[in-house]
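Here is how names work: the chains are called A, B, and so on, in the same order as the sequence lines, proteins then strands, and each is numbered from 1. On a predicted model such as this, the values are computed, not experimentally measured, just so you know.
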Protein chains: 2
Amino acid sequence: MNKMIPAAEALPLNQILPGDCIEVMNSLPEGSVDLIFADPPYNLQLKGDLHRPDNSKVDAVDDEWDQFASFKVYDDFTREWLAAARRLLKPNGAIWVIGSYHNVFRMGAELQNQGFWILNDVVWRKSNPMPNFRGKRLTNAHETLIWAQKSEDSKATFNYEALKSLNEGVQMRSDWVIPICNGGERLKDDNGEKAHPTQKPEALLHRVLVGTTNPGDVVLDPFFGTGTTGAVAKMLGREFIGIEREEAYRKVAEKRISKIRKFDKEALTVSTSKRAEPRVAFGQLVERGMLRPGETLIGPRGQIAKVRADGTLISGEARGSIHQVGAALESAPSCNGWTYWAFKRDGKTVSIDVLRQQIRAEMR
Amino acid sequence: MNKMIPAAEALPLNQILPGDCIEVMNSLPEGSVDLIFADPPYNLQLKGDLHRPDNSKVDAVDDEWDQFASFKVYDDFTREWLAAARRLLKPNGAIWVIGSYHNVFRMGAELQNQGFWILNDVVWRKSNPMPNFRGKRLTNAHETLIWAQKSEDSKATFNYEALKSLNEGVQMRSDWVIPICNGGERLKDDNGEKAHPTQKPEALLHRVLVGTTNPGDVVLDPFFGTGTTGAVAKMLGREFIGIEREEAYRKVAEKRISKIRKFDKEALTVSTSKRAEPRVAFGQLVERGMLRPGETLIGPRGQIAKVRADGTLISGEARGSIHQVGAALESAPSCNGWTYWAFKRDGKTVSIDVLRQQIRAEMR
DNA sequence: TTGTAAGTTGAATCTCACC
DNA sequence: CGGTGAGATTCAACTTACA
């Protein structure tokens with residue numbers, strides 16, 4: 001790592017870097033990336049690449065040895081690129097990997113072995129999968145993604161409300177129905193053949209990036225292919241770094257991404273949770289005279305408490321914050337006093353949360 | 001292995017054997033079982049308590065049998081029971097295992113390491129999963145099953161047509177929508193508490209056994225619990241062998257299975273229910289690029305709103321779902337955004353409902 | 001009896017700012 | 001780094017109570 005240059009400035013943003021992804025990742029400054037999306041190759045047909053100890057004839061035992069050896073080669077490869085990826089991540093960074101049953105179990109186990117902390121596994125349910133023509137198995141209608149943060153105590157970005165909005169106001173689930181990439185989105189080469197065998201749909205990356213990054217975040221894809229990650233990142237105002245070994249793919253991806261335009265800033269603002277709202281102390285309502293010391297608050301089933309000048313409540317034996325007194329009256333471990341308590345105005349019962357909204361509106 | 005007695009006759013069929021599953025499996029004759037269904041401990045590693053937003057406490061799976069000190073301990077356990085299971089299988093035998101992201105990657109990798117040949121991974125999509133109460137992750141709405149045969153050249157049973165029939169005449173896919181086990185099917189103990197924390201639905205086993213065994217086949221479940229595998233096997237005219245360590249579970253299972261009657265052949269025909277129109281989230285149109293963030297939607301009297309990246313709209317001060325913003329502009333309590341909003345294509349105004357129809361057509 | 005409302009529950013790796 | 005306390009957070013299906 002070059003200590004002369006601050007990491008952020010040393011990052012080659014919005015570029016496609018040629019070469020082997022492990023080498024290239026190891027040349028980049030550590031702790032500099034917010035999110036990694038990785039769609040590694042999963043062909044296990046590595047037998048031809050293996051160096052046998054001798055030229056013995058292929059028999060059943062050798063077949064088993066072959067299979068074991070090919071898993072070992074794949075596992076070594078997985079271990080190396082995951083370690084390089086992990087080094088690049090910021091402490092609160094996260095990774096998505098995608099695979100099928102051929103490789104995803106090995107990737108998932110290695111993620112755990114390296115200390116990544118799995119947050120969800122997600123099923124991409126293909127609405128239009130290729131049927132199983134021979135009728136010997138089930139239609140292979142899904143692929144599996146794993147979402148993991150760098151370590152158990154990382155605080156990965158999760159835009160809960162944005163994903164809920166994407167899902168008609170209902171909490172987003174771990175199974176995503178998205179069509180495979182075809183039609184106009186499917187990139188073709190000069191011969192009209194598909195430019196990449198496993199091009200991922202932009203809808204998939206849209207959901208990943210909206211849900212687990214913020215605008216301006218750095219997203220790295222070590223198996224860039226024809227650049228779906230980069231294309232969607234650019235649309236969504238994220239910075240990307242692509243790594244791709246094959247020149248043909250790099251060319252297609254560069255052309256593709258050059259044509260993309262970033263969405264308006266307004267369109268990129270997503271729904272946020274209440275957690276992101278500025279915190280308001282209940283005492284402020286008293287200070288401002290919105291509630292008076294001595295005034296009575298009412299709980300959901302008629303419970304009564306009195307407001308004190310310091311912004312605490314008193315109700316029977318219980319005294320303390322709006323939350324503590326609410327919890328005490330409910331014999332509950334906790335209580336959100338803002339939604340629990342109400343007061344009377346002009347004969348009507350009004351939640352104290354309305355007053356908090358007023359203060360928040362003034363703050364904007 | 002006792003060579004004096006043919007293996008098949010030595011098998012303790014339709015019984016629940018007490019004890020540790022590894023020891024018991026190793027005491028049974030090798031090569032004698034057609035199918036193994038295994039639902040091992042998931043190693044959930046839960047820490048503190050979890051409360052619902054209404055402050056009720058979630059009854060977590062904190063049983064002693066799910067505690068493992070480390071990944072290494074869990075992996076050793078997995079290796080041993082899978083090896084014992086493999087020994088029991090006939091050459092053309094197969095195995096199903098089920099798990100969550102906590103353990104399924106480790107099981108899948110070990111299956112491959114031992115020479116099992118994966119045929120499919122199957123996603124059990126729960127129609128009614130427990131939500132993520134804290135809003136910190138996606139709803140964990142599925143579990144994963146792996147279907148593997150004993151070795152690459154095994155010829156595992158696969159009843160293609162039967163599964164196709166179960167699926168309204170369409171080839172069965174690798175994602176199965178099945179509700180979690182509750183209601184009358186959920187077994188209770190004498191106190192009215194659930195008898196087992198992780199009882200699997202009979203519908204799941206029904207599909208597994210119809211699809212991958214024949215009547216008369218021997219099905220072994222080394223983690224028998226309260227005996228869903230045995231109950232469904234008996235209904236379907238398969239022979240079962242259960243292994244269960246806990247006496248309480250064995251008692252419940254025995255009582256349960258004694259009440260089961262084998263189906264008439266006629267009764268095996270399953271009734272199919274007509275599905276409602278699938279719900280489409282407006283956000284899907286954005287993810288799929290049918291509408292772009294920043295694009296303008298038009299209301300029936302020329303009202304204008306902009307699409308945001310998370311599938312919400314913004315129009316003046318109003319922001320929210322297509323329904324919410326429509327209602328706000330009309331000062332109405334509610335509004336069907338699908339019929340309210342339109343967009344421009346090639347100079348023509350097109351209802352967004354047209355796009356919803358397109359997605360529904362793809363889903364069929 | 002029937003319809004409606006309120007209550008319960010499920011394999012869960014479920015907070016975070018501040019002192 | 002650990003302790004403290006504010007305060008944010010749920011979906012579908014079934015069961016029970018009651019009109």
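Looking at heavy-atom distances under 4.0 Å, A/L119 makes no contact with the nucleic acid at all. No contact: B/P179 has no heavy atom under 4.0 Å from any strand. When heavy atoms are screened at a 4.0 angstrom cut-off, A/P333 is found touching no nucleic acid atom at all. Backbone-only engagement by B/K194 is indicated by non-hydrogen atom pairs under 4.0 Å involving sugar-phosphate atoms exclusively. No contact: B/N43 has no heavy atom under 4.0 Å from any strand. Heavy atoms of B/D39 sit under 4.0 angstrom from at least one base atom. Nucleic acid contact for B/Q199: none, since no nucleic acid atom lies under 4.0 Å from a heavy atom of the residue. Heavy atoms of A/V280 sit under 4.0 angstrom from primed sugar atoms or phosphate atoms, though from no base atom. Using a 4.0 Å heavy-atom criterion, one finds that A/S273 contacts the sugar-phosphate atoms exclusively. At the heavy-atom level, A/N336 lies under 4.0 Å from base atoms of the strands shown.
The separation between A/D121 atom CG and C/dA11 atom C1' is 13 Å, rounded to whole Å. Distance B/E64 CD to C/dA11 P: 20 Å, rounded to the nearest Å. Distance CD1 (A/I118) to P (C/dA11): 20 Å, rounded to an integer number of Å. Note: CD (A/Q149) to P (C/dC14) measures 10 Å, nearest angstrom. Rounded to an integer number of Å, the gap from A/E277 CD to D/dA6 P is 20 Å. Atom NZ in B/K57 sits roughly 19 Å away from atom C1' in D/dT10 (whole-Å rounding). Distance B/D54 CG to C/dC14 P: 19 Å, rounded to the nearest Å. Between B/Y42 atom OH and C/dA12 atom C1' the separation is 13 Å, expressed in whole Å.
In this structure, A/K155 and B/P41 both approach DNA chain C, and ranking their closest nucleotides by distance from the 5' end singles out B/P41. Between B/G184 and B/H51, the residue anchored closer to the 5' end of DNA chain D is B/H51, taking for each the nucleotide with the nearest heavy atom.
For B/Q45, whose side chain is taken as the heavy atoms from C-beta onward, the closest listed nucleotide among D/dC11, D/dA8, C/dT13 is C/dT13. For B/P53, the side-chain atoms get nearest to D/dT9 when compared with the rest of D/dT9, D/dC11, C/dA12. Looking at the side chain of A/W338, the nearest of the listed nucleotides D/dA13, C/dA12, D/dA8 is D/dA8. Comparing C/dT13, D/dC11, D/dA13 by their nearest atom to the side chain of B/S127 picks out D/dA13. Listed nucleotides: D/dA13, C/dT15, C/dA11. Nearest to the side chain of B/I180: C/dA11. For B/N132, the side-chain atoms get nearest to C/dC14 when compared with the rest of C/dC14, C/dT13, C/dA11. Distances from the side chain of A/S321 to the nucleotides D/dA6, D/dT9, C/dA12 place D/dA6 closest. Closest to the side chain of B/P131, from the set D/dT10, C/dT13, D/dG7, is D/dT10.
The shortest distance between side-chain heavy atoms of B/P41 and B/F223 falls below 4.5 Å.
Under 4.0 angstrom from either OP1 or OP2 of C/dA11 there lies no side-chain N or O belonging to B/S100. Applying the 4.0 Å criterion to OP1 and OP2 of D/dG7, one finds that A/H323 has a side-chain N or O inside that range. Note on A/Y340: every side-chain N or O is 4.0 Å or more away from OP1 and OP2 of D/dA6. Using a 4.0 Å cut-off, no side-chain N or O of A/R356 falls inside it from OP1 or OP2 of D/dA6. Look at A/K274 and you won't find any side-chain N or O under 4.0 angstrom from OP1 or OP2 of D/dG7. Residue A/R279 has no polar side-chain atom (N or O) positioned under 4.0 Å from OP1 or OP2 of D/dG5. Taking 4.0 angstrom as the limit, B/R52 places none of its side-chain polar atoms (N or O) nearer than this to OP1 or OP2 of D/dT10. Taking side-chain N and O atoms only, A/K164 has a distance below 4.0 Å to OP1 or OP2 of D/dT10. Between B/N140 and C/dT13 there is a side-chain polar atom (N or O) within less than 4.0 angstrom of OP1 or OP2. The phosphate of D/dA6 (OP1 or OP2) has a side-chain N or O of A/Q324 nearer than 4.0 angstrom. Side-chain N/O atoms of B/K136 include one lying less than 4.0 angstrom from OP1 or OP2 on C/dC16.
In this structure, A/I178 CD1 and B/E287 CD are separated by 5.5 Å, a value rounded to the nearest 0.5 Å. Separation of atoms OG1 (A/T212) and CZ (A/F37) is listed at 9.5 Å; rounding is to 0.5 Å.
Both distances falling under 3.5 Å, in either a Watson-Crick or a G-U wobble arrangement, place C/dT8 opposite D/dA13. The partner of D/dG7 is absent, by the rule that a Watson-Crick or G-U pair needs both atom distances under 3.5 Å. Of all nucleotides present, only C/dG3 satisfies the Watson-Crick or G-U wobble test against D/dC18, with each distance under 3.5 Å.
A side-chain donor from one of A/E330 and A/Q303 sits under 3.5 Å from a side-chain acceptor of the other. Side-chain atoms of A/E362 and A/Q358 include no donor-acceptor pair closer than 3.5 Å. Between the side chains of B/D121 and A/H142, a donor-acceptor pair is found at a separation under 3.5 Å. In the model, B/N167 has no side-chain atom that pairs as donor or acceptor with a side-chain atom of B/R207 under 3.5 Å.
C/dA11 and D/dG7 are spaced 28 Å apart, taking the C1' atom of each and rounding to whole Å. Separating the C1' atom of D/dA13 from that of C/dT13 is a span of 26 Å, rounded to the nearest Å. Annotation: D/dT9 and C/dA17 have their P atoms spaced 14 Å apart (nearest Å).
Under the 3.5 Å distance criterion, the side-chain polar atoms of A/T213 are matched with a main-chain donor or acceptor of A/L209.
Not less than 6.0 angstrom separates the ring centroid of A/W176 from the ring centroid of A/W124. Between B/F224 and B/Y249, a ring centre-to-centre spacing not shorter than 6.0 Å is recorded.
On a pure distance criterion of 3.5 Å, no polar donor-acceptor pair joins the side chain of B/K126 and the base of C/dA11. In terms of polar N and O atoms assigned as donor or acceptor, the side chain of B/R137 comes within less than 3.5 Å of the base of C/dT13 in a complementary pairing. The base of D/dA6 is not paired with the side chain of A/S334 by any donor and acceptor separated by under 3.5 Å.
Judged by ring centres under 5.5 Å apart and planes tilted less than 30 degrees, B/F133 fails to stack against the six-membered base ring of C/dC14.
In this structure, D/dT16 shows a glycosidic angle more than 90 degrees from zero, which is the anti conformation.
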